[in-house]
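Heads up: the structure comes next, in structure tokens.
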Amino acid sequence: MSDQSSSKPASGKRPWIRVIGSVVACIALLATAAWASYTIFATEPEAEREGATRKTAALVETIVAERGSYRPTLEVLGRVEAAREVLLSSQVAGRVIAIEPGFVPGGIVEVGEPLLRLDPADYEQMLTMRESELRMAEADLKIERGRQQAAQREYELLGESVDAANRSLVLREPQIASIEARVKAARAALQRAQLDLDRTTIRAPFDAQILSRDANIGSQLSTSDTIGRLVGAEEYWIIASVPMRDLRWLRFADEAESPSTAVIKMPTAWGKDAGRTGTVTRLIGTLDSQTRLARVLITVPDPLARENDGPALLLDAIVQVGIEGRLIEDVVRIDRDFLRQRDTVWIKEDGQLVIREVEVVYEDAEFAYIRSGIDAGEMIVTTSLATVTGGLPLRRADAPASTADDAGHTDSGANPDATPEPSGP
């Protein structure tokens, strides 16, 4: 009994001993890991900057500034419209009996060319009736004039004197006047009948392109029916929207002897290089209600290219228009990409970068026109640089490194194996 009681306390202590041992082991491992990390970071070598660096000039490309006189180009958009347009209708009623082959949408016709014909039978009969009426009236006039001659002889034989009023009655002058009036009316009726007969053949009122046809053989037309839509083929209009600030650079045909020319392009339809030429005619007196831009009228002759090899204009198309502006004299013209922020230009002077403020007269889509700030012969930097400061050393990209304008040099004590850091892109 005594042996069993003494063994129970010993077995009860063993679990606690194991737990305490595990905790101590974990703490030891953590401490070891922390010491190892500290030792690694504490003994890591630090990177040191080389005491010697190389300074090099930025490689740039330049152009020589040249003064001259130039005409800017205003790049705007415009819409093609017809200068002449008509909804064609017949002046007489009738049934369509024939349509000319050229009277189809897209067809081009000349002035006076027949388009379609109406049944002329009724109008031919009317013409015959009017001719008969005229002949009858002319015959009555001849008979009455014969009577007047007989009355004249009788009056002279009697030798009686009468007043003017009675003399007119004796000589049958009122009867003559009445029949002459009837002859004139009959002649006018005949001309009207002939005109109506001629109008049964409907002709083109001007050189035109057919946009639509609304009649076919067998159609019964009245004078209020539309036969087709025609637009003039001699000239088209382009209504271009121009910012108000640019109007002063334009020359209009109604104001100047040599108006501004306009080059019309439609790359999607014509290709990149094809175009047409027009003339800036006049300023339209209202602003566009949506864009609030001024509207300019440009005329383009022979828009369907019937007499030249250019592309044909399409009505209602949106086109690109380059309008030639007024001459700007004594300016330096540079690419707009070379005009930097706040109207500055980079100049290469004595091998260094000079940031020069300039006076810009005008900018079009491609060029900037500079009045002052640049002298002829100065070198304009065309290369974009990542770091821009006044006095930055520059060297032309096509110049050898040993030339005098190479501003690069190596500091004393510099490492010859060090790689130079680029100054430009």
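This one's a predicted model, so the numbers in the text were calculated from it and none came from an experiment.
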Say whether, by atom type as modelled, one donor and one acceptor occur between the side chain of [X] and the main chain of [Y] under 3.5 angstrom.
| X | Y | result |
| --- | --- | --- |
| Ser178 | Gln175 | no |
| Arg203 | Gly112 | yes |
| Thr200 | Asp196 | no |
| Arg342 | Thr344 | no |

Please report the shortest heavy-atom distance between [X] and [Y], naming the atom on each side.
| X | Y | answer |
| --- | --- | --- |
| Leu134 | Ala186 | CA-CB, 3.5 Å |
| Ala82 | Trp237 | O-CE3, 4.0 Å |
| Pro301 | Thr277 | CD-O, 4.1 Å |
| Val183 | Ala137 | CG2-O, 3.3 Å |
| Gly322 | Glu75 | CA-OE1, 3.9 Å |
| Tyr236 | Gly232 | CE1-O, 3.3 Å |

Working to the nearest 0.5 Å, report the span between [atom1] of [X] and [atom2] of [Y].
| X | Y | atom1 | atom2 | answer |
| --- | --- | --- | --- | --- |
| Arg213 | Leu88 | CZ | CG | 12.5 Å |
| Thr73 | Tyr362 | OG1 | OH | 8.5 Å |
| Ile202 | Leu116 | CD1 | CG | 4.0 Å |
| Gln341 | Ile355 | CD | CD1 | 10.0 Å |
| Asp302 | Asp207 | CG | CG | 10.0 Å |
| Leu315 | Arg79 | CG | CZ | 9.0 Å |

Could you list the donor-acceptor pairs under 3.5 angstrom formed between side-chain atoms of residues 329-336 and any protein atom two or more places apart in sequence or on another chain?
{"unit_1": "Asp335", "atom_1": "OD1", "unit_2": "Asp337", "atom_2": "N", "d": "2.8"}
{"unit_1": "Arg336", "atom_1": "NE", "unit_2": "Glu363", "atom_2": "OE1", "d": "3.2"}
{"unit_1": "Arg336", "atom_1": "NH1", "unit_2": "Asp364", "atom_2": "O", "d": "3.0"}
{"unit_1": "Arg336", "atom_1": "NH2", "unit_2": "Glu363", "atom_2": "OE1", "d": "3.4"}

Minimum side-chain heavy-atom gap [X]-[Y] below 4.5 Å:
| X | Y | answer |
| --- | --- | --- |
| Val345 | Ile374 | yes |
| Leu247 | Val296 | yes |
| Arg371 | Ile328 | yes |
| Met266 | Pro311 | no |
| Gln352 | Pro393 | no |
| Ile347 | Val381 | no |
| Pro120 | Ile97 | yes |
| Leu118 | Tyr123 | no |

With side-chain contact (heavy atoms from CB on, under 4.5 Å) as the criterion, how do Ile264 and Gln320 come out once you've worked through the C-alpha distance, each side chain's angles and the decisive distance to 0.1 Å? CA-CA 6 Å; Ile264 297 96; Gln320 300 175 4; over 6 Å; no
Please check if atom CE in Met126 has more than 12 non-hydrogen atoms from other residues, nucleotides or ligands closer than 6.0 Å.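 Counting neighbours around CE of Met126, 12 or fewer heavy atoms of other residues, nucleotides or ligands fall under 6.0 Å, so no.
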Taking CD in Glu357 as the centre, count heavy atoms belonging to other residues, nucleotides or ligands within less than 6.0 Å. Is the count above 12? no
Show your working on side-chain contact (heavy atoms from CB on, under 4.5 Å) between Asp316 and Val80 and close with a plain yes or no. CA-CA 5 Å; Asp316 299 325; Val80 183; over 6 Å; no
Salt-bridged, [X] to [Y], with N to O below 4.0 Å?
| X | Y | answer |
| --- | --- | --- |
| Arg130 | Glu133 | yes |
| Asp288 | Arg292 | no |
| Arg306 | Glu234 | no |

Name each donor-acceptor pair under 3.5 Å that joins a side chain in residues 57-66 to protein atoms two or more places apart or in another chain, with its distance.
none

Checking Asp225 against Ser222: is there a side-chain donor and acceptor pair closer than 3.5 Å?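 Yes, Asp225 and Ser222 have a side-chain donor paired with an acceptor closer than 3.5 Å.
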Would you please say whether a donor-acceptor pair under 3.5 Å links the side chains of Ser260 and Glu324?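 No, because no side-chain N or O of Ser260 sits under 3.5 Å from a partner of the opposite role on Glu324.
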Could I get the full list of side chain to side chain contact (heavy atoms under 4.5 Å, CB included) partners for Ile239, not counting sequence neighbours?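 Side chain to side chain contact (heavy atoms under 4.5 Å, CB included) list for Ile239, sorted by chain: Glu81, Ile284, Arg295, Leu297.
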I'd like to check the side-chain hydrogen bond (donor to acceptor under 3.5 Å, both in side chains) partners of Glu85; sequence neighbours left out, ordered by chain and number.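 For Glu85, the residues satisfying side-chain hydrogen bond (donor to acceptor under 3.5 Å, both in side chains) (neighbours in sequence not counted) are Arg229.
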With sequence neighbours excluded, residues passing side-chain hydrogen bond (donor to acceptor under 3.5 Å, both in side chains) with Asp375: none
Hey, does the Lys NZ or Arg CZ of Arg356 hover above the aromatic six-ring of Trp346, less than 6.0 Å from the centre and inside 45° of the axis?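 So Arg356 doesn't make the cation-pi contact.
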Taking it one step at a time, do Thr281 and Thr299 satisfy side-chain hydrogen bond (donor to acceptor under 3.5 Å, both in side chains)? CA-CA 6 Å; Thr281 304; Thr299 57; 3.1 Å; yes
Leu353 and Leu394: CA distance, side-chain angles, deciding distance, side-chain contact (heavy atoms from CB on, under 4.5 Å) verdict: CA-CA 6 Å; Leu353 176 65; Leu394 301 178; 3.7 Å; yes
Sequence neighbours excluded - side-chain hydrogen bond (donor to acceptor under 3.5 Å, both in side chains) pairs with any residue from residues 90-101: Gln91-Arg199, Glu100-Arg117
Could you check Glu144 against Arg147 for salt bridge (charged side-chain N to carboxylate O under 4.0 Å, His left out), going step by step and ending with a plain yes or no? CA-CA 5 Å; Glu144 191 60 37; Arg147 292 172 180 173; 3.4 Å; yes
Check step by step if side-chain contact (heavy atoms from CB on, under 4.5 Å) holds for Val96 and Leu221. CA-CA 7 Å; Val96 179; Leu221 299 180; 3.7 Å; yes
